[in-house]
Amino acid sequence: MKRLRRFFLLSPAEQSLLVRAALWLSAIRVALWLLPYPTLQRLLTKTWRLRMIRRPDQGLTEDVNKVLWAVTVVRRYLPGGSSCLTQAMVVQLLLRQCGYSTYVRIGVARTQGGRLEAHAWVENGGQAVFGGSELSRYTPLMALEGEKQ
């Protein structure tokens, strides 16, 4: 009940962002279970192109902070959490809906035990805006919508 009360104390814009983050996190998480990644990538790329309105990247930091806040709050309440790929795809989608040109980058690194470890993050203008800790250890494999390889 306390959480619900806190939700209604938020501004309508914050409430809307939380609801959109919850819907997208849930939908993309299920879609990643059901669809091959290239198929999901094509579907979301079409969605982003339809909704994308170019905006100068001046207010990016403020919008990134709002989107990261919403995704972080919502992922705590999802059963089983969500992967970095799911979160990165949602962050990208929400930022692109705000008008920013972002893309998901996927990379791999070897652990000390020799196993491969994958990580996904979001970049804007070559700079990580989400998931950007220790990225130098990852070898980038691909980008979802944006920079050509």
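- Separation of atoms CG (Leu10) and CG (Leu17) is listed at 10.0 Å; rounding is to 0.5 Å.
- The environment of Arg115 atom CZ is sparse: at most 12 non-hydrogen atoms of other residues, nucleotides or ligands sit within 6.0 angstrom.
- Once rounded to the nearest 0.5 Å, the distance linking CD of Gln41 with CG of Leu43 reads 10.5 Å.
- Applying side-chain contact (heavy atoms from CB on, under 4.5 Å) to Leu95 and the options Thr102, Leu68, Val90 leaves one that passes, Thr102.
- Hydrophobic clustering (ILVMFWY, side-chain heavy atoms < 4.5 Å, transitive): Val74 and Leu9 are in distinct clusters.
- Remark: Leu18 CG to Leu25 CG distance equals 10.5 Å, nearest 0.5 Å.
- When all heavy atoms of Leu44 and Leu93 are compared, the closest pair comes out as CD2-CD1, 4.1 Å.
- A pairwise comparison of heavy atoms in Asn124 and Ser101 identifies ND2-O, 2.8 Å as the closest pair.
- Minimum heavy-atom separation, Phe7 to Gln15: O-NE2, 3.0 Å.
- No chain of hydrophobic side-chain contacts below 4.5 Å, direct or via other Ile, Leu, Val, Met, Phe, Trp or Tyr residues, connects Leu141 to Trp121.
- Taking hydrophobic clusters as Ile, Leu, Val, Met, Phe, Trp and Tyr residues chained together by side-chain heavy-atom distances below 4.5 Å, Tyr138 does not share a cluster with Leu116.
- Closest of all the heavy-atom pairs between Cys84 and Phe130 is O-CE2, 4.1 Å.
- For the pair Ala88 and Val122, the tightest heavy-atom approach, listed with the atom from each and the gap, is O-CG2, 3.2 Å.
- Nearest heavy atoms, Ser82 versus Arg75: OG-CB, 3.7 Å.
- Under the 4.5 Å side-chain heavy-atom criterion for Ile, Leu, Val, Met, Phe, Trp and Tyr, Val91 and Leu135 are members of distinct hydrophobic clusters.
- Both Val71 and Val104 are assigned to one and the same hydrophobic cluster, defined by single-linkage of ILVMFWY side chains at heavy-atom distances under 4.5 Å.
- From Gln92, atom CD reaches atom CE of Met89 across 7.5 Å, with rounding to the nearest 0.5 Å.
- For the pair His119 (side chain) and Gly131 (backbone), a donor-acceptor distance under 3.5 Å is present.
- Looking at Ser26, its side chain does come within 3.5 Å of a backbone N or O of Ala22 through a donor-acceptor pair.
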